[in-house]
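Have a look at the structure below before the remarks.
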2 protein chains.
Amino acid sequence: MSGATGGGRLAVVGLGPGPAAQLTAEAAAALAAATDLFGYGPYLARLTLGPDQRAHVSDNREELARARAALALAAEGRQVAVVSGGDPGVFAMAAAVCEAVEAGPEAWRRLDVAVLPGVTAMLAVAARCGAPLGHDFAAISLSDNLKPWPTVERRLGLAAEAGFALALYNPVSRARPWQLGRAFEVLRAVLPPETAVIFGRAAGRPDERISVVPLAEAEARMADMATCVIVGSPATRTVPRGPLPPLVYTPRFAEARA
Amino acid sequence: MSGATGGGRLAVVGLGPGPAAQLTAEAAAALAAATDLFGYGPYLARLTLGPDQRAHVSDNREELARARAALALAAEGRQVAVVSGGDPGVFAMAAAVCEAVEAGPEAWRRLDVAVLPGVTAMLAVAARCGAPLGHDFAAISLSDNLKPWPTVERRLGLAAEAGFALALYNPVSRARPWQLGRAFEVLRAVLPPETAVIFGRAAGRPDERISVVPLAEAEARMADMATCVIVGSPATRTVPRGPLPPLVYTPRFAEARA
């Protein structure tokens, strides 16, 4: 796909949930080939860069500025990687890069831009528990930085009514302390109190913490910024396994109105 | 997590969308360590097995029987891998294994069962187009083998009304020729005619075929069994790039009622 821009390239690379073993081979190759790597500090800190590779660290909130800087460098002919935790297409850098291309100079549309997928947080957390996303599901960001909170509540209500399991991204932050608690209230109005709620933090990493509680007992303080919250559907089942953690799964079949 | 069952293990392994480069390192290691590999023929055919590894091929429709046979062998102390295309937790084998554990002998609950996540089809297809799943989205299986068709229509309608982008799995098969066409009709009643629809077949493989059409022109014949269909939300944007394929993305921000 290289254009007339001196062989520059921009790859938006999914790092997966954290452990190097959950990185894809193509993502690892793109990281190794990059001359310049852009990203949020904690994601870049996971990587070991070579002496000729340059890290461009930026803050979490500066996604669009980061995308612009990365595109400008690729347009100069550099091999640029923009890193994302998980998958870059899910509440992450791929959309920011597309926004920057659309609003940017015409030449950026001819750049070689590739998105390299990864294992997104909800899949990593689901895998540690069984198969809570084994049937229809929705993924919703609880951040009201980029959309009005009433839109979040409306989507939560419709998704629960539809019988989807839910993966909640960006559940809390220092600036957004109450949104997750309010989301549980919205869901409690629609879903049975025993619906399984999974708090999955740092899945697969040494500091992993996974817990499963009924919706009636779910509280915002059980999550932090690194948590992905999965809420089952009314069909989701919990299988006790004695000393082992329970299996939580949503069956492949669904009954009418389930 | 090994129990008192002679060191047997069952790993449910996500192969990713197809190319070996999109496999995670932990999935590759689990495949290499397996004594017995269970799966649908075309998925097992992707692997090169060693002389001491045994393939147990079964048909697409026999997921529960396959799960039971795999669990029985793990209970005998074998190192078993059950393979899934994409991610095993998304409309795939992880839920079938959990169902078999719940309904099976008590000893199966103490088995060492691990689910190893992978890049699921919608993430691979989305990556090839930009970021169509860059904001809230829902994943829905169109198969009415395992749920009543009215449930599918109801979920499609609610998800579109909520403003989700949609990933449609299992869009068509020889036995289910009309469901996708009917799904487009349901969506056309709610979404603007220019909404982007992506037909993503064999993403990343040599026979990859990705096309983008407006919802008004989307037809069931544009998909086959190996296609994942992504339908944008009203906010999804298409960025023309001259000779290159357009970028399709859903912005990170959403306006009220969008």
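Computation of the quantities below employed the complete heavy-atom set of this structure, encompassing side-chain atoms and omitting hydrogens, waters and symmetry-equivalent molecules. Here is the naming used below: chain letters follow the sequence lines, and residue numbers restart at 1 for every chain.
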Checklist entry - Checking A:Met93 against chain B: side chain, backbone, both or neither under 4.5 Å from a heavy atom? => result neither
Item to check | Options B:Val115, B:Leu64, B:Leu116, ranked by heavy-atom pairs under 4.5 Å with chain A, top entry | outcome: B:Val115
Checklist outcome for this item: The interface call for A:Leu23 against chain B, heavy-atom contacts under 4.5 Å, is backbone
Checklist entry - Any idea which of A:Gly134, A:Ala96, A:Ala127, A:Gly157 has the most non-hydrogen atom pairs under 4.5 angstrom with chain B? => result A:Ala127
Item to check | Intermediate values then yes/no, side chain to side chain contact (heavy atoms under 4.5 Å, CB included), B:Val239 and A:Arg109 | outcome: CA-CA 8 Å; B:Val239 183; A:Arg109 299 195 182 201; 3.4 Å; yes
Next on the checklist: Using the rule given for side chain to side chain contact (heavy atoms under 4.5 Å, CB included), can you reason through B:Phe137 versus A:Ile140, listing the C-alpha separation, both sets of side-chain angles and the distance that settles it, and then say yes or no?
Outcome noted: CA-CA 7 Å; B:Phe137 63 93; A:Ile140 304 177; over 6 Å; no
Checklist entry - Who wins among A:Glu99, A:Glu26, A:Glu106, A:His135 for the most heavy-atom pairs under 4.5 Å with chain B? => result A:Glu99
Item to check | Side chain, backbone, both or neither of A:Val97 within contact of chain B (heavy atoms, under 4.5 Å) | outcome: neither
Item to check | Separation of A:Arg110 CZ from B:Leu244 CG (nearest 0.5 Å) | outcome: 8.0 Å
Checklist entry - Which region of B:Thr250, side chain (C-beta onward) or backbone (N, CA, C, O), has a non-hydrogen atom less than 4.5 Å from a non-hydrogen atom of chain A, or is it both or neither? => result backbone
Checklist entry - Given the options A:Pro240, A:Pro246, A:Ala28, which has more heavy-atom pairs under 4.5 Å with chain B than any of the others? => result A:Pro240
Checklist outcome for this item: Given A:Pro243, A:Ala21, A:Ser143, the one with more heavy-atom pairs under 4.5 angstrom with chain B than any other is A:Ala21
Checklist entry - Which region of A:Ala139, side chain (C-beta onward) or backbone (N, CA, C, O), has a non-hydrogen atom less than 4.5 Å from a non-hydrogen atom of chain B, or is it both or neither? => result both
Checklist entry - Say you draw a straight line from CZ of B:Phe253 to CG of A:Asn145; how long is it, rounded to the nearest 0.5 Å? => result 14.0 Å
Checklist entry - Which one of A:Ala95, A:Cys98, A:Ala94, A:Ala25 has the most heavy-atom pairs closer than 4.5 Å to chain B? => result A:Cys98
Item to check | Verdict with reasoning, A:Arg155 to B:Phe164, per side chain to side chain contact (heavy atoms under 4.5 Å, CB included) | outcome: CA-CA 8 Å; A:Arg155 289 180 177 179; B:Phe164 293 121; 4.0 Å; yes
Checklist outcome for this item: dist A:Arg241:CZ -> B:Leu111:CG (nearest 0.5 Å) comes out at 9.0 Å
Checklist entry - Side chain, backbone, both or neither: which part of A:Pro150 has a heavy atom under 4.5 Å from chain B? => result neither
Next on the checklist: For B:Val12, which atoms come within 4.5 Å of any heavy atom of chain A: side chain, backbone, both, or neither?
Outcome noted: neither
Next on the checklist: Just so I understand: if I count every heavy-atom pair under 4.5 Å between each of B:Ala20, B:Gly16, B:Pro117 and chain A, which residue has the most?
Outcome noted: B:Pro117
Next on the checklist: Heavy-atom pairs under 4.5 Å with chain A - which of B:Arg237, B:Arg128, B:Met122 has more of them than the others?
Outcome noted: B:Arg237
Checklist entry - Roughly how far, to the nearest 0.5 Å, is the CG atom of A:Leu168 from the CG atom of B:Asp136? => result 10.0 Å
Item to check | Pairwise distance OG1(A:Thr120) to CG(B:Leu133) - rounded to 0.5 angstrom | outcome: 10.5 Å
Checklist entry - How long is the gap from CD on B:Gln22 to OG1 on A:Thr24, to the nearest 0.5 Å? => result 6.5 Å
Item to check | Within 6.0 Å of CZ in B:Arg201, more than 12 heavy atoms from elsewhere | outcome: yes
Next on the checklist: Please determine whether side chain to side chain contact (heavy atoms under 4.5 Å, CB included) holds for the pair A:Leu158 and B:Glu161, giving the CA-CA distance in whole Å, both sets of side-chain angles, and the decisive distance to 0.1 Å.
Outcome noted: CA-CA 8 Å; A:Leu158 286 167; B:Glu161 199 195 318; 4.2 Å; yes
